[in-house]
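Inspection log for the structure reproduced underneath, given as structure tokens.
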Amino acid sequence: MFFVNNPTVMALKKDLDVGMLRQRVIADNVANVNTPGFKKSHVSFEEQFKTALGRRRLALRTSHPLHLGGVKHPAQAEAKTVQVTNTASQPDGNNVNIDEEMVNLAANQMKYQTSTQALDGYYSLVSHIISSSRR
């Protein structure tokens, strides 16, 4: 069904999933701000998503899982949690900066809200079209 599986809807759903994962990672970082030796993590997704959209290189898009090479479908881009070990640490070995985490939290919340509103607007439009066609 095109209304549910079109690329824009799939990308917005993927963005919401990544936003939830990012929220958990930020919460984990904040919860461990005073844990000696804790290393913060972040979610890596945007680079893979750009690759899946074909913005990083010119390539053919695959439409079947058995196709070789090419660009994945945007919905197949996977988010990864990456531990950050190469930043300056506090004397106890912890590298969480609470101010940076709060900025990341606010940015993630705004992005999540924007994606939610875009998806809600899309489904409202589809609902309006379906209800209008029944008259």
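Counting begins at 1 with the first residue of the sequence. Predicted model only: the values in this text are computed from it and were never measured.
Grouping the Ile, Leu, Val, Met, Phe, Trp and Tyr side chains by contacts below 4.5 angstrom, directly or via other members, places Leu12 with Val126. Connection of Leu119 to Ile130 is established within a shared hydrophobic cluster, with ILVMFWY side chains joined at heavy-atom distances below 4.5 Å, either directly or through further cluster members. Residues Leu16 and Tyr122 fall within the same hydrophobic cluster, defined by Ile, Leu, Val, Met, Phe, Trp and Tyr side chains chained together at heavy-atom separations under 4.5 Å.
At a threshold of 4.5 Å between non-hydrogen side-chain atoms, the residues Thr87 and Val84 count as touching. No side-chain heavy atom of Asn94 sits under 4.5 Å from any side-chain heavy atom of Asn34. Between Val9 and Lys13, some side-chain heavy-atom pair lies under the 4.5 Å cut-off. No side-chain heavy atom of Val96 sits less than 4.5 Å from a side-chain heavy atom of Val30. Two residues are said to be in side-chain contact when any heavy atoms from C-beta on lie closer than 4.5 Å; Val33 and Phe38 fail this criterion. Phe45 places a side-chain heavy atom less than 4.5 Å from the side chain of Lys14. Within the 4.5 Å cutoff, the side chain of Lys111 has heavy atoms near those of the Asp15 side chain.
Under the salt bridge (Lys or Arg N to Asp or Glu O under 4.0 Å) criterion, Glu100 pairs with Lys40, sequence neighbours left out. Legend: residues meeting salt bridge (Lys or Arg N to Asp or Glu O under 4.0 Å) with Lys80, ordered by chain and number and at least two apart, are absent.
Looking at Ser127, its side chain never comes within 3.5 Å of a backbone N or O of Tyr123 through a donor-acceptor pair. Distance alone, capped at 3.5 Å, places no donor-acceptor pair between the Asn29 side chain and the Glu101 backbone.
For Glu46, the CD atom counts as densely surrounded, since its 6.0 Å shell holds more than 12 non-hydrogen atoms of other residues, nucleotides or ligands. Atom CG of Asp17 is surrounded by more than 12 heavy atoms from other residues, nucleotides or ligands within 6.0 Å.
Counting all heavy atoms, side chain and backbone alike, Ile26 lies closest to Asn108 at CD1-CB, 4.3 Å. Nearest heavy-atom pair across Val18 and Ala79 is CG2-CB, 3.8 Å. In this structure, Gln83 and Ser41 approach most closely via the heavy-atom pair CA-OG, 3.7 Å.
For the atom pair CD (Gln109) and CG (Asn104), the distance works out to 11.0 Å, reported to the nearest 0.5 Å.
Side-chain contact of Asn32 with Asp28: a donor-acceptor pair under 3.5 Å is present, judged by distance alone.
Considering Gln23, Met20, Gln117, Arg22 in turn, Met20 is the only one that fulfils the side chain to side chain contact (heavy atoms under 4.5 Å, CB included) rule with Tyr112.
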